[in-house]
Visitor: 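Structure below; questions to follow.
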Amino acid sequence: MEADKTFQLVGAGYKDTVVPVERKQHWWTGRPICSMVILGIIILACVGCRFFMTHDPTYMDLASYNLAPNGEFWFGTDTMGRDIFSMILYGGRISLFIGILATVLSTFIAVVYGSISGIAPGWLDEGMMRFTEILLSIPSILIIIFVQALIGKDNILVIAFVIGITSWMSISKIVRTEVRQIRESEYVIASRCMGGGFWHILRVHLLPNFVSSIMFMVVMNVRGAIVAESTLSFLGIGLPIEVISWGSMLSLAEKALMTNSWWMILIPGLFLVITLMCITNIGNYIRKNVNQRQSNM
Amino acid sequence: MKISYRRRILIFLLSVFCLSVLVFAMSRLAPGDPLVSYYGDRAERMSPEEKDRAMERLGLNESMVVQYVKWVKNAVSGDFGMSFKYKQDVMKVIEGRLVNTLILGGVGFILTFLLALLLGILCAFHENSWLDRIICKVGTITSCIPEFWLSLVLILIFSVNLRLLPGSGAYALGQSSSISSRLTHLILPMVVVVMSHLWYYAYMIRNKLLEEIRQDYVLLAKAKGMSRRRIMYQHCVRNIMPAFISIMAISLPHIVEGTYIVEMVFSYPGIGTLSFESAKYHDYNMLMVLCLITGIVVIFGNITGQAISEAIDPRMKEPEIMEVAADGSR
Amino acid sequence: MMENKDILVDVQGLTHQFPMGKKKSIKAVHHVSFQIRRDEIFSLVGESGSGKSTVARCLMNIYEPTEGTIRYDGINLCDKKEREQHKTRLQRERQIIFQDSASALNQRMKTKDIVAEPLRIQHIFSEKEELDQYVRQQLEMVGLEENYLNRRPSELSGGQRQRIAIARAFGMKPRLLVADEPIASLDVSIQAQVIKLFQHLQEEHDCAILFIAHDLSMVRYLSDRVGVMCKGHLVEMGETEKIFQNPLHSYTKSLLSAIPVPDPALEKKRSSVTYDAASIWNTGIMVEAEEGHWVMQEEADHENLI
Amino acid sequence: MNKQYALEINNLSVSFFTADGETEAVRDVSLSLRQGEVLALVGESGCGKSVFCKAIMGLLSKDARIKSGEILKDDRDIRTLSEREMQLLRGSGISMIFQDPLTSLNPTMTIGRQIAEAVKLHNRELNRQQIKAKVLELLELVGIPDAESRYDSYPYHFSGGMRQRCVMAIALAADPQILIADEPTTALDVTIQAEILNLLKEIQKKRNMSILFVTHDLGVVAKIADRVAVMYAGKIVEYGMAEEIFYDARHPYTWGLLSALPYYARAKGELQAIPGFPPHLTPPPKGDAFAVRNPYAMEIDYEEMPPFFPVSETHFAATWLLDEHAPEVVSPFREISKRRCGA
């Protein structure tokens, strides 16, 4: 009798046969948690520097200059007698600010320029892209030096501005390619057939799709801007020594080399490198999320 | 799309023209008295009449266009004006330093790409193995270190503390012709130039290769019995060569930039140090020429690189069969 | 020819060229004329590169034809002014479904937003609840349950995505549906599902469908009339069964003989007819071989054919 | 080991290990390829047929692993071969051609060189002229006219059909006994498909090769196959001689596949679609994977995987309907196929 029951015709969809699985994955797998935490701490410490600083970063304590790290001055003091620990927090704020401001500016220019080029007719598009290529072919440090020499002032806003207007080219190329590609994709064609206007397509299709592809570039641009600021300030054509940033702190390095004061070079530099690495890791994570086909080798 | 050589030359000339206009316009818009850049301190001692006459003689009272034409005319005959800082003909100052920069930048460039190719192949071949992972991690770290700081650290270690290698200049005092002195002075700057760009390009090459080994033809090559090594070298590496050359071309400005920064940190007497100094002292005549020379070298390298890359890529030689394209759907 | 008021789409002498560089251009479609009745399924078949998709896109005004006229319910689609005048009507009544559902749906949108997109653009519903209700209803109609509402296209299979595209198109209650190879990338069992869905929805909505395909066996099952295209020319056109049972043009013959039949005994006996498509570049004229069955005849062999 | 088998696969299981867990792409498949026959493996996309082929060739990607089973060729288990031995076997023992001729050739190498490479790998003693002669011979064999002048052409000079012929030339370069063809005509137009299939059949007869032909198109199967195996959700559900599968199918999935063809629909009047979608195999469903879509499913189908029941000496089907306890179910398909067969 048992056999009869099990061999009864019951038809399709009689029972659900899907075997439930427990996803062993945690939400953090694959995410650059470590980088995010470190970067978060650095940003928090820099933004809220007044709560953490042990000394006034601008105060030149002539009695205790060029001291190696000790109990009172955790990271030592520089040749002008300023506390390096406080300076790192205080200066980090400015470095990060310049990085972000410059990126906002360059991204804005890039998106506008790239979108126009992407939508423009062939000849204009070609001309605009040639222009970016010419700009790209000049080493940006030279452009920055040139622009900087022209403006002749050196405050935070000017530096951010100079870095911003010299680093939009590669993003704009990507924006342009994306816009071209999306514009010719079938879902945009379909949307146009339904009567979707320019603004509808821009809002619903274009923007959400190209934002993800330029995110990586934007993050890397923050990194680039921070490097540019510190390099410029180090060379003495960026921020003056009185305005504290990670770059301008390092501009005392030459004196430090003479006295072999390693802390003045290594400590601020390490902070800079760690910050840059965290940003790079986060950027790589954003990029990696695209498809991962398996190798044929 | 294949671009003809005539078109390439045209693009080159056009780019150089744009560049020269840009550079010229900027230098004329720059703050400061242009007379100063011609006569230096003497300009300050001139009376107003003298100044007027000097302006006239130099053509500074004419329109920008006329000035530009004159400047180009002089430039073609090799006269770029005087350097304010060095009180010398601009070209004279540059000449001596150009060689230094070419040695540092040129050798650095070739070394960077040789190593990048090797590293890229190594990583792609052992994709996701511990070797690949370690190289990737170390590479990412090195690519995050700014050139100037790496230079400082190396100087701190090798010349200040260990006293093994010199940390500044291109040669020891009075030994400008000694090759060994030049070589020891080159080591640290070269290490920085190569190190700071190596991973960026090695990673690019690695990714290109990873893309390549995901192509279907690799499966077919394997199916016909080829070994992995042979597929890698005879198919994949060969196929990325055009891309490799064009990466090299595009990278030129970055390497040049890196070289300049390194020069400044090591006070290596080259174009980079010179342009940095002339910017600092508002020596626009000099800066203009330096920008122009750098720009021309980079644009030239860029265009030749693209030309070579297209010449060795058979896919570029003839248009594809248009059969599929005739139907608008694909 | 056909009665005038039955005709929804009237294509006359349609030619489309793609510019290739400065001087060259490629003729993708060459003097194609056909009509679609208000309630029929008309299929265009042909191999890749035959220009069938280009015709479809011209009909949707995605491409501007180089020559010829297309009339939709009396509206001249090649005339920009006239098109502008009837803009809303055209946008509502003509819908298109593409071959590759993965690229025809925005990967970043949810199913419900994809289906609602045309309805929102055209402001069909003023109340949000009504819209939601309607979208639900449409998805149910194509056989997708409620738990699909919030999924994104990348989480779905090809067949499910194509259903979403169909729901989106039929949600507008179109009078003309252009389906550009909607089943080409689907599996056999899913193809049958989708074809049945098309059949069912066409009957329900009473609309005309222009069905583009290269799979002739499905076309034979689904469509009322068929046009055969080769290298941009329409070489034969007529009622489906007539064409399949009595093909006149030698290209049609070779095409039909090349379809493998799922019947081993029969298939192993069959031999295929070859046809050199190179000769098609000559112009020919359409001749009515019998009522409603048109065939292109090259001027040279006018006599041999009939 | 039976001498008439060119290739014997026993209880092969292949799994993919991804972040989502283990995907059992091929589940306990046993299949034998006889000497000189064309065996068609039919199934829908994602049923594991391509993975099965790659497993035989040792071409699986790194995230896939053969969990169990053996692949016997000439009394040796291929799985135990070293990489070096495997390279010698690929091309000369077993060759493979792939679905997309547009991407399976290296775009920057001439056709001649790519074929010559394959010749050289397995005939090291040949000199340049001999290799070139062999390449030209191969090009003629696969029906490329004017071989001499095509030798230095690049793949982009060719149309899809021509490229697939070149791929075939590469696969045949070292006279393999077995050819695995993974959907070789799917990307081609019907007229080209017919040409390629005829060519394949012709070469197979000439060289007495065994072909494992993978496809989803039952029309193509009818044209080329001697024997047919139907695959669903990683398992073979039915196999037998081509006539047995087409005229006397026993598995409800085979019925479903055949009824979904418009060719049969016209005879019966309505297209029968299989409801629902193929299951995910991460992990595979309980019982018979087809049960939820099967109108003839029985309770036991939802609980237990059916074994193979013999229908004839050559025909086997894995369905509980063939169990002696099962109720009599008449194939909805039998009538039409009979009528068709008679006609």
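Computed from a prediction, not measured in an experiment: that's the story for all the values here. Residue numbers begin at 1 in each chain, while the letters A, B, ... track the order of the sequences.
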Visitor: On a heavy-atom basis, which atom in A:Glu186 and which in C:Ser103 lie closest, and how many Å separate them?
Guide: OE1-OG, 3.1 Å
Visitor: Which of residues 106-116 of chain C get closer than 4.5 angstrom to chain A, counting heavy atoms alone?
Guide: C:Asn106, C:Arg108, C:Met109
Visitor: Quick check on C:Arg120 against chain A: is it the side chain, the backbone, both or neither that has a heavy atom closer than 4.5 Å?
Guide: neither
Visitor: Using non-hydrogen atoms and a 4.5 Å limit, figure out which bit of C:Ile62 sits close to chain A: side chain, backbone, both or neither.
Guide: side chain
Visitor: With chain C, which of A:Gly195, A:Gly196, A:Ala190 has the greatest number of heavy-atom pairs at distances under 4.5 Å?
Guide: A:Gly195
Visitor: Please give me the minimum heavy-atom distance between C:Gln122 and A:Met194, naming the atom from each residue.
Guide: NE2-O, 2.7 Å
Visitor: Could you check whether any side-chain heavy atom of A:Ile189 comes within less than 4.5 Å of a side-chain heavy atom of C:Met60, counting everything from C-beta outward?
Guide: no
Visitor: So, C:Glu117 and A:Arg203, do they make that salt bridge, N to O below 4.0 Å?
Guide: no
Visitor: Using non-hydrogen atoms and a limit below 4.5 Å, what part of residues 128-154 of chain C faces chain A?
Guide: none
Visitor: Can you measure from CZ (C:Arg168) to OG (A:Ser191) and round to the nearest 0.5 angstrom?
Guide: 8.0 Å
Visitor: Between A:His200 and chain C, with a heavy-atom cut-off of 4.5 Å, which part of the residue counts as in contact: side chain, backbone, both or neither?
Guide: side chain
Visitor: Please classify the contact of A:Val204 with chain C as side chain, backbone, both or neither, using a heavy-atom distance under 4.5 Å.
Guide: both
Visitor: Assess whether atom CZ of A:Phe161 is packed by more than 12 heavy atoms of other residues, nucleotides or ligands within 6.0 Å.
Guide: no
